[in-house]
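Scope of the values below: all heavy atoms of this structure, side chains included, with no hydrogens, waters or symmetry mates. Just so it is clear, the model here is predicted, and its values are computed rather than measured.
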Amino acid sequence: MRVLITYQYFLPAYKAGGPVQSIKNTANFLSSIQDVETYILCSDADMDGTKSDVQLDCWTDFQTNVKVYYNSVSGSKTEILNIIEGIKPDVIFINGLYSMLYTIYPLMYKGNARKILSVRGMLHPGALSQKSAKKKIFLTAFKMFGLHKNCEYHATTDEETGYIKDLFGGDKKIWMVPNLPNVQDYQKPLKKEYGSLSLVSISLVSPMKNILLVLKALKNCRSAISYMIFGPIKDSAYWDECLAIMKQMPHNILVQYKGEIEPLKIHEALKEAHYFVLPSKSENFGHAIYEALSAGKPVITSHTTPWNGLEQAGAGYNVNPEDLAPFTALIDKIAGIQDKEYEQATLNARKYITEQYDLEKINSQYKKMFSV
């Protein structure tokens, strides 16, 4: 059986965030199944245009039973369809909505292949609110040309299933299967002193991730707090707003932008912080949030992610992503936590994510979706 995965970005490109990790984990899972060959079709560049140092325009080995085609020249429908026809896939797993080469053209493939479209959080109202006019035009054309009829769908939450039905119709075949995550080893807790706190965010820097809210909240905090930001800057105008607030920080607040981070180095970055913070306006999954919780880092995030009930579980907090004053008060409150209470919160974080995610069950669901 041959499975083709399409998405614009793939490792060593990593700046597109969660979808790249999801595809890597899916390919890794499929590679472990006997008689399954996995192929990944992507571009030769990262999200910022940086070219990957890879072998181009041919199928190259990525790992056992996984080959990648880093496309640098093929840009027409005919060229893309010829690449696909060259391997004659049984299943095409299409990721994302807004790419002609890696979404639209694969949906037009006429060969005998099941097509599964994974929308990757792109139908969430928060995601649709960014560049909304362009997205509305695209989705209208997508339906007008009947492309929504050419595939099954993959959703990672019940909420996302609802978005797919609302836009494309309730009669569509939808597989609700959560993302396959990276599980981190539990980390020995940092010593926690009263009145001090270390925070970390690992994400794209964009309005959706809401780093600016964290900075505005910190500006009014009274405790001694350090805050590290890791991740590529997706929106330069938004980052300029962040820099303006960073320049206004009082002496008790230290903010450091640490730049982009490769996925393999996330474990080390987490070691330096007490809490992981990311009050996203929407989050389809949040790989970095999952990894933080699995490492035993309590998390501060919004109510608009899959990771709710954190306070009840003693594993962190859910905040209103639009409400500044309570966020400031919460950070000062957490700074007042002492060592023993913090250590228990780290254990609760690991317990929370273990109970939330049954990996054996999810693996079984992926096998069923791909019919392997």
- Could you go step by step and tell me if V319 and H303 meet the side-chain contact (heavy atoms from CB on, under 4.5 Å) rule? CA-CA 6 Å; V319 299; H303 295 287; 5.7 Å; no
[X] versus [Y]: any side-chain heavy-atom pair under 4.5 Å?
X	Y	answer
Y352	V299	no
T60	V54	no
L123	L167	yes
N95	S118	yes
T328	K216	no
Y98	K134	no
E160	M176	no
L204	M47	yes

Under 3.5 Å, is there a donor on one side chain and an acceptor on the other for [X] and [Y]?
X	Y	value
D235	S206	no
S201	S203	no
S72	D57	yes
N348	Q344	yes
Y290	N179	no
N182	K24	yes

Does anything in [range] pair up under ring pair (Phe, Tyr, Trp, His ring centres under 6.0 Å), and if so which pairs, sequence neighbours excluded?
range	result
residues 185-231	none
residues 74-93	F93-H154, F93-F370
residues 41-67	F10-F62, Y39-W59, W59-Y69

- Message: Closer than 4.0 angstrom, basic N to acidic O: yes or no for K340 and E343?
- Response: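 Looking at E343 together with K340, the answer is no, because their closest N to O distance does not fall below 4.0 Å.
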- Message: Assess whether a salt bridge exists between D339 and K192, defined as any Lys/Arg side-chain N lying under 4.0 Å from an Asp/Glu carboxylate O.
- Response: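 Salt bridge between D339 and K192, a charged N being under 4.0 Å from a carboxylate O: no.
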Strictly distance-based, threshold 3.5 Å: is any side-chain N or O of [X] a donor or acceptor partner for the main-chain N or O of [Y]?
X	Y	answer
K165	T161	no
T346	P189	no
H274	L197	no
T305	W307	yes
N220	A325	no

Please check if atom [atom1] in [X] has more than 12 non-hydrogen atoms from other residues, nucleotides or ligands closer than 6.0 Å.
X	atom1	answer
Q55	CD	no
E79	CD	yes
D171	CG	yes
D240	CG	yes
Q248	CD	yes

Work out which heavy atom in [X] is nearest to a heavy atom in [Y]; give both atom names and the distance.
X	Y	value
L310	N318	N-OD1, 3.2 Å
M246	V255	CE-CG1, 3.8 Å
H287	N25	CE1-ND2, 4.1 Å
S74	I83	OG-CD1, 3.8 Å
Y153	I164	CG-CG2, 3.8 Å

- Item | Option among L199, I202, I211 that satisfies the side chain to side chain contact (heavy atoms under 4.5 Å, CB included) test with I229 |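 The single option meeting the side chain to side chain contact (heavy atoms under 4.5 Å, CB included) with I229 is I211.
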How would you list, by chain and number, every residue that makes a salt bridge (charged side-chain N to carboxylate O under 4.0 Å, His left out) with [X], sequence neighbours excluded?
X	value
D332	R222
E37	R2
D90	none
D48	K15

Could you work out, with side-chain hydrogen bond (donor to acceptor under 3.5 Å, both in side chains) as the rule, every residue matching [X], not counting sequence neighbours?
X	value
W175	E152
K234	none
T301	none

- Which pairs, with at least one residue in residues 135-150 and sequence neighbours excluded, count as a salt bridge (Lys or Arg N to Asp or Glu O under 4.0 Å)?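 Counting only pairs at least two positions apart or across chains, no salt bridge (Lys or Arg N to Asp or Glu O under 4.0 Å) contact touches residues 135-150.
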- Test side-chain contact (heavy atoms from CB on, under 4.5 Å) applied to V36 and N65, step by step: CA-CA 7 Å; V36 175; N65 295 328; over 6 Å; no
- May I ask you to decide if the ring planes of Y342 and Y275 are parallel, tilted or perpendicular, using 30° and 60° as cut-offs?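 Because their plane-to-plane angle lies in the 30° to 60° range, the rings of Y342 and Y275 count as tilted.
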- Listed partners of F145 passing ring-ring contact (aromatic ring centres under 6.0 Å, His included), at least two apart: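 Partners of F145 under the ring-ring contact (aromatic ring centres under 6.0 Å, His included) test: none.
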- Query: Would L243 end up clustered with L212 when hydrophobic side chains under 4.5 Å apart are linked, directly or stepwise?
  - Reply: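 Yes, it is one cluster - the side chains of L243 and L212 are joined through contacts under 4.5 Å.
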- Taking a hydrophobic cluster as the set of Ile, Leu, Val, Met, Phe, Trp and Tyr residues connected by side-chain heavy atoms closer than 4.5 Å, whether directly or through intermediates, do L190 and I331 fall within one such cluster?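 Unlinked, L190 and I331 end up in two clusters.
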- Per the side-chain hydrogen bond (donor to acceptor under 3.5 Å, both in side chains) rule, which among E291, K297, R350 passes with Q184?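 So the option named by the test is E291.
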- Under the criterion side-chain hydrogen bond (donor to acceptor under 3.5 Å, both in side chains), which of E85, K77, K115 is the partner of Y109?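 When E85, K77, K115 are each tested with Y109, the side-chain hydrogen bond (donor to acceptor under 3.5 Å, both in side chains) holds only for E85.
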- side-chain hydrogen bond (donor to acceptor under 3.5 Å, both in side chains) evaluation trace for Q8 with S43: CA-CA 5 Å; Q8 186 168 356; S43 74; 5.0 Å; no
- Task: Report the C-alpha distance between F327 and L213 in whole Å, list the side-chain angles of each, state the deciding distance to 0.1 Å, and finish with yes or no for side-chain contact (heavy atoms from CB on, under 4.5 Å).
- Result: CA-CA 9 Å; F327 195 11; L213 177 70; 3.6 Å; yes
- Stepwise side-chain contact (heavy atoms from CB on, under 4.5 Å) test for Y7 and T103: CA-CA 7 Å; Y7 186 57; T103 300; over 6 Å; no
